[in-house]
Amino acid sequence: MKYAILAAGEGSRLEREGVRLPKPLVRLGGEAMIDRLIRIFSANGAEEIDVIVNSLTPVSREHLAEIQRVNPLVRFIVKTTPSSMHSFYELMPLLGEGRFCLTTVDTIFREAEFSEFIRRFLQSDADGMMAVTDFIDDESPLYISTDEALRITGFHDEAGNCRYISGGIYCLSHLAFPTLRRCIESGQSRMRNFQRQLVADGLRLVAYPFSKILDVDHADDILKAEQFLGL
């Protein structure tokens, strides 16, 4: 299975709060976030790890070039994009056919839970499996409604009767690419609209609960992430 990392964001909030490193190189317990994901993905059967970084932070590109010299699984492209959905679209040719796992560079989760998530997806006949959590520490959470079998029935901006929110880790296959193309062609830019369209297009999506998933958007999130991971 292939893995993909969206790391083309500018990290402007971190920079405004005094964090000098670009987001992919922000360290948790001494390990850069991009290195952490590559290590975890390599340990979970990666046949390839595809990464996109922006052209505004050459240090991220140089870092990935160094990793690539010792880890042949890593491929990366350099392009500044207007949104994470556009970054996903740019990675689409690298992902090709088959199954893959996609996430942003600042998604923080427990490794054991992630390994079980991947195992369940590979055993599943679902078109996609989405990481979800009932832990909410997000400025704009995406709520997910499910049936009793945890099949996803919708993605919502308001909580309603939803128990879970999106954790930002997506296991999908090339069956999602026609939906992605149409979203880009129609001027969509938010990943949540892409996910809504997956449901509208009839793809069978299943939720997989994690105990907790964090994003590193602000400087104080770095300490929260380290405490969560016990670093």
Original post:
Does one hydrophobic cluster hold both Ile5 and Phe76, with members joined at side-chain heavy-atom distances below 4.5 Å?
Top reply: yes
**OP:** Spell out, yes or no, whether Val51 and Val59 are grouped together once hydrophobic residues are joined by side-chain heavy atoms under 4.5 Å, including indirect joins.
**Re:** yes
Subject >> Closest non-hydrogen atom pair between Gly168 and Thr103, with its separation >> reply: O-OG1, 2.9 Å
Subject >> Any donor-acceptor pair under 3.5 Å from Lys2 side chain to Glu97 backbone >> reply: no
Original post:
Strictly by modelled atom types, are Glu113 and Ser211 linked by a side-chain donor-acceptor pair under 3.5 Å?
Top reply: yes
**OP:** Give a yes or no on whether a salt bridge exists between Glu48 and Arg75, defined as a side-chain N under 4.0 angstrom from a carboxylate O.
**Re:** yes
**OP:** Indicate the atoms forming the closest heavy-atom contact of Leu172 with Gly128, along with that distance.
**Re:** CD2-CA, 4.0 Å
**OP:** Go through the steps to decide whether Leu229 and Arg36 satisfy the test side-chain contact (heavy atoms from CB on, under 4.5 Å), and finish with yes or no.
**Re:** CA-CA 12 Å; Leu229 296 173; Arg36 178 177 186 269; 3.4 Å; yes
Original post:
Would you say Asn161 has more than 12 foreign heavy atoms packed within less than 6.0 Å of its CG?
Top reply: no
Subject >> Phe100/Phe41 aromatic ring centres below 6.0 Å >> reply: no
Subject >> Leu95 side chain near Phe177 side chain, heavy-atom distance below 4.5 Å >> reply: yes
Subject >> Residue Lys212 excluded, over 12 heavy atoms near NZ under 6.0 Å >> reply: yes
Original post:
Any side-chain heavy atom of Met1 sitting closer than 4.5 Å to one from Ser173?
Top reply: no
**OP:** Inspect the contact between Glu185 and Arg182 and indicate whether a charged nitrogen and a carboxylate oxygen are less than 4.0 angstrom apart.
**Re:** no
Subject >> Transitive ILVMFWY side-chain link Leu102 to Val132, under 4.5 Å >> reply: yes
Subject >> Side-chain touch Met85/Leu180, heavy atoms, less than 4.5 angstrom >> reply: yes
Subject >> Salt-bridge contact Glu111-Arg39 (side-chain N to carboxylate O under 4.0 Å) >> reply: yes
Original post:
Given side chains that start at C-beta, do those of Val199 and Phe155 come closer than 4.5 Å, heavy atoms only?
Top reply: yes
Subject >> For Leu14 against Val216, the heavy-atom pair lying closest together >> reply: CD1-O, 4.1 Å
Original post:
Is the backbone N or O of His86 less than 3.5 Å from a side-chain atom of Ser83, with the two atoms forming a donor-acceptor pair by type?
Top reply: yes
**OP:** Evaluate the criterion side-chain contact (heavy atoms from CB on, under 4.5 Å) for residue pair Gln188 and Gln197; output intermediate values, then yes/no.
**Re:** CA-CA 11 Å; Gln188 299 287 341; Gln197 193 59 47; over 6 Å; no
**OP:** Indicate, with yes or no, if Tyr3 and Ile38 share a hydrophobic cluster defined by side-chain heavy-atom contacts under 4.5 Å among Ile, Leu, Val, Met, Phe, Trp and Tyr.
**Re:** yes
Original post:
Is it true that a side-chain atom of His174 and a backbone atom of Gly96 form a donor plus acceptor pair closer than 3.5 Å?
Top reply: no
Original post:
Counting heavy atoms not belonging to Glu158, are there more than 12 under 6.0 Å from its CD?
Top reply: no
Subject >> Pair His156, Ser145: side-chain N/O donor-acceptor within cut-off below 3.5 Å >> reply: yes
**OP:** Identify whether Ile165 and Phe114 are in the same connected component of the hydrophobic contact network (ILVMFWY, side-chain heavy atoms under 4.5 Å).
**Re:** no
Original post:
When rounded to the nearest 0.5 angstrom, what distance separates OG1 in Thr57 from CG in Leu25?
Top reply: 7.5 Å
Original post:
Can you find a pair of side-chain heavy atoms, one from Val105 and one from Leu6, that are under 4.5 Å apart?
Top reply: no
Original post:
Below 4.0 angstrom, N of the basic side chain to O of the carboxylate: do Asp137 and Lys224 qualify?
Top reply: yes
**OP:** Report yes or no: is the cationic atom of Arg110 (NZ for Lys, CZ for Arg) closer than 6.0 Å to the six-membered ring centre of Phe210, at no more than 45° off its axis?
**Re:** no
Original post:
Considering all heavy atoms of both residues, which atom of Gln195 and which atom of Ser166 are nearest to each other, and what is their separation?
Top reply: OE1-OG, 4.1 Å
Original post:
Out of curiosity, Ser60 OG to Ile52 CD1, how far, rounded to the nearest 0.5 Å?
Top reply: 12.0 Å
Original post:
Okay, side chain of Asn54, backbone of Thr80: is any donor-acceptor separation there less than 3.5 Å?
Top reply: no
Original post:
So Glu139 and Arg13, salt bridge (charged side-chain N to carboxylate O under 4.0 Å, His left out) or not? Walk me through it.
Top reply: CA-CA 13 Å; Glu139 295 170 351; Arg13 285 173 291 189; 3.0 Å; yes
Subject >> Nearest-0.5 Å distance that lies between atom CD1 in Ile213 and atom OG1 in Thr133 >> reply: 5.5 Å
Original post:
Is there a donor-acceptor pair under 3.5 Å between the side chain of Asp35 and the backbone N or O of Glu31?
Top reply: no
Subject >> Within-4.5 Å side-chain heavy-atom neighbours: Ser42 and Ile49 >> reply: yes
Original post:
What is the distance from atom CG of Leu122 to atom SG of Cys101, rounded to the nearest 0.5 Å?
Top reply: 9.5 Å
Original post:
Hey, are Arg20 and Glu15 close enough for a salt bridge, meaning a charged N less than 4.0 Å from a carboxylate O?
Top reply: no
Original post:
Where the side chain of Lys23 meets the backbone of Met33, is there a donor-acceptor pair that is under 3.5 Å apart?
Top reply: no
Subject >> Note: Arg120-Glu116 ion pair, threshold 4.0 Å (strictly below) >> reply: yes
Subject >> Heavy-atom pair of closest approach, residues Met130 and Leu205 >> reply: CE-CD1, 4.1 Å
Original post:
Under the side-chain hydrogen bond (donor to acceptor under 3.5 Å, both in side chains) criterion, do Asn193 and Arg196 qualify, and how do the steps go?
Top reply: CA-CA 5 Å; Asn193 291 335; Arg196 289 178 177 127; 2.9 Å; yes
Original post:
So, the side chain of Asp221 versus the backbone of Asp217: is there a donor-acceptor pair under 3.5 Å, distance only?
Top reply: yes
Subject >> Shortest non-hydrogen separation from Tyr164 to Leu150 and the atoms involved >> reply: CE1-CD2, 4.0 Å
Original post:
Where the side chain of Arg16 meets the backbone of His218, is there a donor-acceptor pair that is under 3.5 Å apart?
Top reply: no
**OP:** Decide yes or no on side-chain hydrogen bond (donor to acceptor under 3.5 Å, both in side chains) for Gln68 and His63, but give the supporting numbers first.
**Re:** CA-CA 9 Å; Gln68 195 176 51; His63 184 79; over 6 Å; no
Subject >> Full working for side-chain contact (heavy atoms from CB on, under 4.5 Å) between Ser124 and Met129 >> reply: CA-CA 9 Å; Ser124 169; Met129 186 172 286; 4.0 Å; yes
**OP:** In sequence, state the C-alpha distance, the side-chain angles, and the governing distance for Cys171 and Arg99, and then conclude on side-chain contact (heavy atoms from CB on, under 4.5 Å).
**Re:** CA-CA 7 Å; Cys171 280; Arg99 290 182 158 196; over 6 Å; no
Original post:
Is the backbone of Leu73 close enough, under 3.5 Å, to the side chain of Asn71 for a donor and an acceptor to pair up by distance?
Top reply: yes
Original post:
Does the side chain of Ser84 come under 3.5 Å of the side chain of Ser87 through a donor N or O and an acceptor N or O?
Top reply: no
Subject >> Validation row: Met191, Phe88 side chains within 4.5 angstrom (heavy atoms) >> reply: yes
Original post:
How long is the gap from CZ on Arg204 to CG on Asp127, to the nearest 0.5 Å?
Top reply: 4.5 Å
Original post:
Out of Tyr170, Phe109, Tyr208, which one pairs with Phe117 under the ring pair (Phe, Tyr, Trp, His ring centres under 6.0 Å) rule?
Top reply: Tyr208
Original post:
Just checking, any donor-acceptor pair under 3.5 angstrom between side chains of Asp147 and Thr153?
Top reply: no
**OP:** For residues Asp215 and Ile108, determine if any side-chain heavy atom of one lies less than 4.5 Å from a side-chain heavy atom of the other.
**Re:** no
